[in-house]
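Report on one structure; see the data block that follows.
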Amino acid sequence: MLSDNPGEIKNIFDSHCHYDDEAFDDDRFSLLDSLLSKDSSVSFMMHACTDLNSAAFGISCAERYENYYTSVGIHPECITQGVPSGYLKELERLAQHKKVKAIGEIGLDYHYEGYDREAQISLFESQLELAKGLDLPVIMHCRDATEDFVKLMQKHKPKGVVHCFSGSAETAEQLLKLGLYIGFTGALTFKNAKKAKRAFMAVPLDRLLFETDCPYMAPVPFRGKRCTSDMIAYVALEACSLSGIPAQQLVDKTNENAMRLFKIDQQIQGG
């Protein structure tokens, strides 16, 4: 019989989180202390960096917590505030830290009016090339930019993950053929997420990641509230209901996949 108790699910690897967000200002480190303790359901976290300040935060947390890792990168929305000159050299310097395991969160976002398509593509490509030169995977963001994104994946052929996937099953299959991983958030539990559910069913187990994108994308029954890494248990339960594969087995497999993608060789801390 498949367990429907989220409290019984252990060994979670949150492959995409933002604990530098202001939503955590009141209890950030007490929360992380709890979530990353040996008794927690969470075994590992990957900080998804958005700018240079976010990179500094990720590295500081990675030094503080044994089972916390980080990426470094510039998010496409940073273009509106201005990307620092010399950002590539700084990212390359930061990437030398032993707990930096990816370049990200990078990508394309055409959601808001006034976006600069050419500037976003230039920023994205420069970081894809950096990742290739450093032999690091990429954590990628794509919103309302599927055509350009897929073309860039075909051109650069990076290794990495497309996070918070909300595209079609057909797009997922295109990305999977290029060797990419696909990450799913609490949005998988939303009733109206029919496209994401179909895409999930197109992803083989060895290319699947679970993530929160916290504090965003809290799963049902927490939708609209602040998300935390332990809530991945609810994503796993929804994935179980879709696939028939036990939730714990799915969590264990996504943990294994994240460890492989990010080249982490470490004993499980949680669970």
(request) Compute the centroid of each ring, for H47 and then for Y69, and state whether the two points are separated by less than 6.0 Å. (result) no
(request) Answer yes or no: is there an ion pair linking E129 with K132, defined by an N-O contact shorter than 4.0 Å? (result) no
(request) Please confirm whether the backbone N or O of F210 pairs with a side-chain atom of S15, one donor and one acceptor, at under 3.5 Å? (result) yes
(request) Keeping the roles fixed (side chain from H141, backbone from P76), state whether a donor-acceptor pair exists under 3.5 Å. (result) no
(message) Within a 6.0 Å radius of atom CG on N192, are there more than 12 heavy atoms belonging to other residues, nucleotides or ligands?
(response) yes
(request) Check the surroundings of atom CD in Q81: do more than 12 heavy atoms from other residues, nucleotides or ligands lie under 6.0 Å from it? (result) yes
(message) Show me the pairs that pass salt bridge (charged side-chain N to carboxylate O under 4.0 Å, His left out) and involve residues 189-208, at least two apart or across chains.
(response) K197-E238
(message) Do Y65 and D33 have side chains that approach each other closer than 4.5 Å (heavy atoms only, starting at C-beta)?
(response) yes
(message) Could you check whether any side-chain N or O of S40 sits under 3.5 Å from a backbone N or O of S37, counting only pairs where one atom can act as donor and the other as acceptor?
(response) no
(message) Under 4.0 Å between a side-chain nitrogen and a carboxylate oxygen: does that hold for K151 and E147?
(response) yes
(message) For M217, I'd like to know if atom CE has over 12 heavy atoms of other residues, nucleotides or ligands within 6.0 Å.
(response) no
(message) Please determine whether the number of non-hydrogen atoms from other residues, nucleotides or ligands lying under 6.0 Å from atom OH of Y216 exceeds 12.
(response) no
(message) Is the distance between the ring centroids of F24 and F29 under 6.0 Å?
(response) no
(message) Treating S122 as the side-chain partner and E118 as the backbone partner, does any N or O pair qualify as donor plus acceptor under 3.5 Å?
(response) no
(request) Only pairs at least two apart or in different chains count here, so list each salt bridge (charged side-chain N to carboxylate O under 4.0 Å, His left out) that has a residue in residues 73-96. (result) E77-R143, E90-R93
(message) Show every salt bridge (charged side-chain N to carboxylate O under 4.0 Å, His left out) that has at least one partner inside residues 211-236, sequence neighbours left out.
(response) D27-R226
